[in-house]
Amino acid sequence: MECAIAIHYLPLDAHDDKRVCEIVDQVIAAIDASGLDYYVGPFETTVEGDFESCMRVLKDCIEAGEAAGCTEMESHVRICWRPGGRVMSTEEKIGKYHPTDSEFNSREIA
């Protein structure tokens, strides 16, 4: 895995928390449909894969929000990219803090 991105999608035109969640759920569904590994956090979702796939998923997120009725949004994105190399996975970074979370397996990371 050469790339990891953290996406914070914020619908600016949602009138209440329920509507924010409805739109964000559609954005996360687009991430899920990508087939890439991802981890949903309270403020952002981290996606892992190759650079091109991560950039495609970012575009898909913006389009999914629009399809869900969002007409104005902000997206804060952090990109960790090591061309030809490997970046640390979410599991390596935070797995030890979630020992009972099925998202992470308990194998040792080399």
Side-chain angles (χ1 to χ4, degrees):
M1 168 189 60
E2 67 178 7
C3 188
I5 62 174
I7 304 168
H8 175 186
Y9 185 96
L10 181 61
L12 297 177
D13 60 349
H15 54 276
D16 59 28
D17 290 344
K18 180 177 185 260
R19 183 68 183 129
V20 168
C21 289
E22 290 170 354
I23 295 168
V24 171
D25 285 347
Q26 293 305 307
V27 171
I28 293 170
I31 294 169
D32 185 60
S34 75
L36 296 176
D37 287 336
Y38 66 95
Y39 181 80
V40 178
F43 295 105
E44 64 189 13
T45 298
T46 302
V47 181
E48 302 172 338
D50 64 88
F51 182 79
E52 294 300 323
S53 296
C54 287
M55 295 302 103
R56 186 175 328 107
V57 120
L58 176 57
K59 181 178 183 280
D60 291 347
C61 287
I62 293 167
E63 291 174 346
E66 180 183 16
C70 183
T71 60
E72 185 178 4
M73 57 74 74
E74 283 185 9
S75 189
H76 303 266
V77 181
R78 290 182 291 176
I79 301 169
C80 180
W81 179 39
R82 187 172 288 167
R86 182 184 172 285
V87 299
M88 286 178 62
S89 70
T90 301
E91 180 179 350
E92 289 170 300
K93 291 175 183 174
I94 67 169
K96 65 185 175 188
Y97 300 110
H98 301 272
T100 61
D101 191 336
S102 63
E103 286 290 310
F104 306 113
N105 67 45
S106 59
R107 65 180 164 78
E108 285 292 319
I109 305 298

Who passes side-chain hydrogen bond (donor to acceptor under 3.5 Å, both in side chains) against [X], sequence neighbours left out?
X: Thr90; answer: Glu48
X: Arg78; answer: Glu44
X: Thr71; answer: Asp13
X: Asp37; answer: none

Handout entry: Remaining members of hydrophobic cluster (4.5 Å side-chain criterion), Leu12
Key =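 Cluster partners of Leu12: Leu10.
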
What distance do [X] atom [atom1] and [Y] atom [atom2] have between them, rounded to the nearest 0.5 Å?
X: Cys80; Y: Glu2; atom1: SG; atom2: CD; answer: 10.5 Å
X: Met55; Y: Cys3; atom1: CE; atom2: SG; answer: 4.5 Å
X: Glu91; Y: His98; atom1: CD; atom2: NE2; answer: 11.5 Å
X: Met1; Y: Arg86; atom1: CE; atom2: CZ; answer: 6.0 Å

Problem - Same apolar cluster: Ile5 and Val87, side chain cutoff 4.5 Å - result: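 No, because Ile5 and Val87 fall into different hydrophobic clusters, even though each may have its own neighbours under 4.5 Å.
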
Exercise for the section: Please answer: with hydrophobic residues joined when any side-chain heavy atoms are less than 4.5 Å apart, are Val47 and Ile79 in the same cluster? Expected result: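 Hydrophobic grouping puts Val47 with Ile79.
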
Please enumerate all residues that pass side chain to side chain contact (heavy atoms under 4.5 Å, CB included) together with [X], with sequence neighbours excluded.
X: Val40; answer: Ile28, Tyr38, Thr45
X: Ala64; answer: Ala30
X: Ser75; answer: Ile7, Leu58, Met73, Val77

Exercise for the section: Sorted by first residue and then second, give each ring-ring contact (aromatic ring centres under 6.0 Å, His included) pair with at least one member in residues 46-94; sequence neighbours left out. Expected result: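 Applying ring-ring contact (aromatic ring centres under 6.0 Å, His included) to every pair that reaches into residues 46-94, excluding sequence neighbours, yields His8-His76, Phe51-Trp81.
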
Work out which heavy atom in [X] is nearest to a heavy atom in [Y]; give both atom names and the distance.
X: Val20; Y: Ala14; answer: CG2-CB, 3.5 Å
X: Gly65; Y: Ile23; answer: CA-CG2, 4.1 Å
X: Cys54; Y: Leu36; answer: N-CD1, 4.2 Å

Practice task
Name all residues meeting the salt bridge (charged side-chain N to carboxylate O under 4.0 Å, His left out) criterion together with Arg19; count only those two or more places apart in sequence or in a different chain, and write none if there are none.
Solution key: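 For Arg19 the salt bridge (charged side-chain N to carboxylate O under 4.0 Å, His left out) partners, ignoring immediate neighbours, are Glu22.
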
Practice task
State which residues pass salt bridge (charged side-chain N to carboxylate O under 4.0 Å, His left out) with Glu63; sequence neighbours excluded, sorted by chain then number.
Solution key: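 For Glu63, the residues satisfying salt bridge (charged side-chain N to carboxylate O under 4.0 Å, His left out) (neighbours in sequence not counted) are Lys59.
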
Exercise for the section: Decide yes or no for Ser34 and Arg56: does some side-chain heavy atom of the first lie under 4.5 Å from some side-chain heavy atom of the second? Expected result: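 Heavy-atom side-chain distance check fails, nothing below 4.5 Å.
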
Practice task
Answer yes or no: is there a side-chain heavy-atom contact under 4.5 Å between Tyr39 and Asp101?
Solution key: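 A side-chain contact under 4.5 Å exists here.
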
Problem - Within residues 26-36 or reaching into it, pairs that qualify as salt bridge (Lys or Arg N to Asp or Glu O under 4.0 Å) - sequence neighbours excluded - result: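 Counting only pairs at least two positions apart or across chains, no salt bridge (Lys or Arg N to Asp or Glu O under 4.0 Å) contact touches residues 26-36.
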
Exercise for the section: Can you establish whether the number of heavy atoms outside Asp17 located under 6.0 Å from its atom CG is more than 12? Expected result: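 For Asp17, atom CG is not crowded (no more than 12 foreign heavy atoms under 6.0 Å).
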
